[in-house]
Amino acid sequence: TCNILKIDNKNNLIGDMTDIRGFEKTIKALDLDIKNKNILLVGAGGIGTSLSHYFLTEGVKKVRIHDVNKRKSEQLCETIRNKSPKFNFKIWNYNKNNFDYLINASPAGINNEYPVHQKIIKNSKVVVDFVLSNKKTKLLEIAKINNSKIISGYEILINQIPFMLKFFGFKRISKSEMDKIKNKYI
């Protein structure tokens with residue numbers, strides 16, 4: 001899975017997934033950690049799949065996956081279990097309602113829909129919505145009202161900029177320049 005592409009000087013198509021780097025940089029900037037945390041991941045597409053592989057390397061305690069397309073959830077579970085059989089990665093059975101992190105990597109928020117029931121949102125300590133919008137989605141609005149820490153797709157995108165610039169061979173952006181961008185847009 002990739003979210004950026006380029007053609008090198010030999011006409012090879014090269015891709016990268018900077019969403020995960022943006023997510024990682026965002027949680028570190030907020031002094032958050034996913035190690036030993038319980039995560040509900042909504043969405044088994046490109047970002048959900050990339051996040052799942054990332055979680056394997058970060059000491060996450062448990063992941064529950066949910067996708068409206070149950071087959072996609074099953075396939076992702078099978079892939080992750082084959083890669084790391086002892087990793088606690090299962091399809092969400094709706095019984096557990098409290099999570100350290102609720103991460104929406106689905107298109108549900110694009111139309112301002114809730115990806116899960118509001119009770120789940122209210123019981124999550126950190127709520128992440130990968131939906132790219134400069135406005136708070138309904139998911140993030142509910143989370144904020146309930147004093148959850150929130151992370152928007154916009155924040156994740158802004159934190160991807162240095163990785164994107166490097167990928168395309170542009171000069172590095174200074175910390176002060178990044179801070180100006182963050183202050184203006186987040």
Side-chain angles (χ1 to χ4, degrees), residues 3 17-67 76 87-90 92 94-164 175-176 178-186:
N3 67 333
M17 173 53 104
T18 59
D19 287 328
I20 305 311
R21 292 188 183 120
F23 170 73
E24 181 178 38
K25 190 171 182 178
T26 303
I27 63 173
K28 285 183 180 175
L30 295 171
D31 203 25
L32 297 171
D33 191 5
I34 58 173
K35 188 174 182 158
N36 295 316
K37 302 297 186 212
N38 296 316
I39 297 174
L40 173 58
L41 175 60
V42 181
I47 294 172
T49 297
S50 295
L51 281 168
S52 298
H53 288 276
Y54 170 72
F55 295 152
L56 287 171
T57 64
E58 298 303 310
V60 170
K61 182 178 180 181
K62 179 185 338 184
V63 176
R64 295 298 173 259
I65 182 72
H66 171 69
D67 195 286
L76 182 53
F87 186 56
N88 193 343
F89 191 99
K90 297 178 183 173
W92 182 43
Y94 305 96
N95 289 333
K96 180 163 176 41
N97 295 322
N98 295 16
F99 293 93
D100 296 306
Y101 283 75
L102 163 59
I103 301 175
N104 180 36
S106 79
I110 291 171
N111 297 320
N112 244 345
E113 302 166 4
Y114 295 113
V116 293
H117 191 277
Q118 289 184 36
K119 178 172 68 172
I120 310 305
I121 301 166
K122 291 175 183 177
N123 291 333
S124 299
K125 296 173 186 161
V126 179
V127 177
V128 180
D129 197 347
F130 270 86
V131 169
L132 197 54
S133 174
N134 61 348
K135 297 177 185 166
K136 281 191 179 62
T137 59
K138 278 186 167 184
L139 170 64
L140 295 180
E141 286 174 357
I142 291 290
K144 187 162 182 89
I145 289 168
N146 289 289
N147 295 316
S148 298
K149 190 79 167 169
I150 62 170
I151 298 173
S152 71
Y154 210 63
E155 288 176 85
I156 295 167
L157 173 66
I158 297 296
N159 281 311
Q160 292 177 58
I161 290 172
F163 303 106
M164 291 175 162
K175 182 174 178 348
S176 64
M178 275 305 299
D179 289 342
K180 284 180 192 174
I181 292 169
K182 288 178 186 177
N183 290 334
K184 185 174 181 176
Y185 295 104
I186 297 178

Seminar exercise, completed: Between I34 and Y54, the two heavy atoms sitting closest are CD1-CE2, 3.5 Å
Exercise. If you round to the nearest 0.5 Å, how far is NZ of K149 from NZ of K144?
Worked result: 8.5 Å
Exercise. Side chain of K25, backbone of I27: donor and acceptor closer than 3.5 Å?
Worked result: no
Problem set entry | Minimal non-hydrogen separation, V131 against S106, with atom names | CG2-O, 4.0 Å
Seminar exercise, completed: Minimal heavy-atom distance between G22 and N159, with the atoms involved, is O-CB, 3.7 Å
Exercise. Hey, does D67 have a side-chain heavy atom less than 4.5 Å from the side chain of L76?
Worked result: no
For this session: Working to the nearest 0.5 Å, report the span between CG of D129 and NZ of K138.
Result: 13.0 Å
Exercise. Where is the tightest heavy-atom contact between S148 and V127, given as atom of each residue plus distance?
Worked result: CB-CG2, 4.1 Å
For this session: Flag the pair N104 / T137 as yes when at least one side-chain heavy-atom distance between them is below 4.5 Å, and no otherwise.
Result: no
For this session: Could you tell me whether the side chain of E58 reaches within less than 4.5 Å of the side chain of D33, counting heavy atoms only?
Result: no
For this session: Might you work through the side-chain contact (heavy atoms from CB on, under 4.5 Å) test for L157 and M164, ending with a clear yes or no?
Result: CA-CA 10 Å; L157 173 66; M164 291 175 162; 4.1 Å; yes
Problem set entry | Note, Y94 side chain near I120 side chain (heavy atom, < 4.5 Å) | no
Problem set entry | Test salt bridge (Lys or Arg N to Asp or Glu O under 4.0 Å) applied to K90 - qualifying residues, sequence neighbours left out | none
Exercise. About how many Å separate OG of S152 and CG of L132, when rounded to the nearest 0.5 Å?
Worked result: 8.5 Å
Exercise. Should the pair Y101 and F23 be assigned to parallel (<30°), tilted (30 to 60°) or perpendicular (>60°) ring geometry?
Worked result: perpendicular
Problem set entry | L102 side chain reached by L139 side chain, heavy atoms, under 4.5 Å | yes
For this session: State, without any angle test, whether T18 and N3 hold a side-chain donor-acceptor pair at a distance under 3.5 Å.
Result: yes
For this session: Please test K61 against N88 for side-chain contact (heavy atoms from CB on, under 4.5 Å), starting from the C-alpha separation and ending with a verdict.
Result: CA-CA 7 Å; K61 182 178 180 181; N88 193 343; over 6 Å; no
Exercise. side-chain contact (heavy atoms from CB on, under 4.5 Å) between I158 and M178: does it pass, once the steps are laid out?
Worked result: CA-CA 8 Å; I158 297 296; M178 275 305 299; 3.8 Å; yes
Exercise. Are any non-hydrogen side-chain atoms of I142 and K122 less than 4.5 angstrom apart?
Worked result: yes
Problem set entry | Between CD1 on residue I20 and CD on residue E24, distance to nearest 0.5 Å | 9.0 Å
Exercise. How about D179: does its CG atom have over 12 heavy atoms from other parts shown lying under 6.0 Å from it?
Worked result: yes
Run the side-chain donor-acceptor check on residues 36-53: report pairs under 3.5 Å with partners two or more places apart or on a different chain.
from, atom 1, to, atom 2, distance (Å)
T49, OG1, A44, O, 3.4
T49, OG1, G45, O, 2.7
S50, OG, G46, O, 3.1
S52, OG, G48, O, 2.8
H53, ND1, K83, NZ, 3.1

Exercise. Hey, does L56 have a side-chain heavy atom less than 4.5 Å from the side chain of F89?
Worked result: no
For this session: Grab the two heavy atoms, one from V60 and one from F87, that are nearest each other, plus how far apart they are.
Result: O-CE1, 3.3 Å
Seminar exercise, completed: Residues passing the salt bridge (Lys or Arg N to Asp or Glu O under 4.0 Å) test with R21, sequence neighbours excluded, are D16
Problem set entry | Test item: N123 and H117 side chains (from C-beta on) under 4.5 Å apart, heavy atoms | no
Problem set entry | Intermediate values then yes/no, side-chain contact (heavy atoms from CB on, under 4.5 Å), F99 and V116 | CA-CA 12 Å; F99 293 93; V116 293; over 6 Å; no
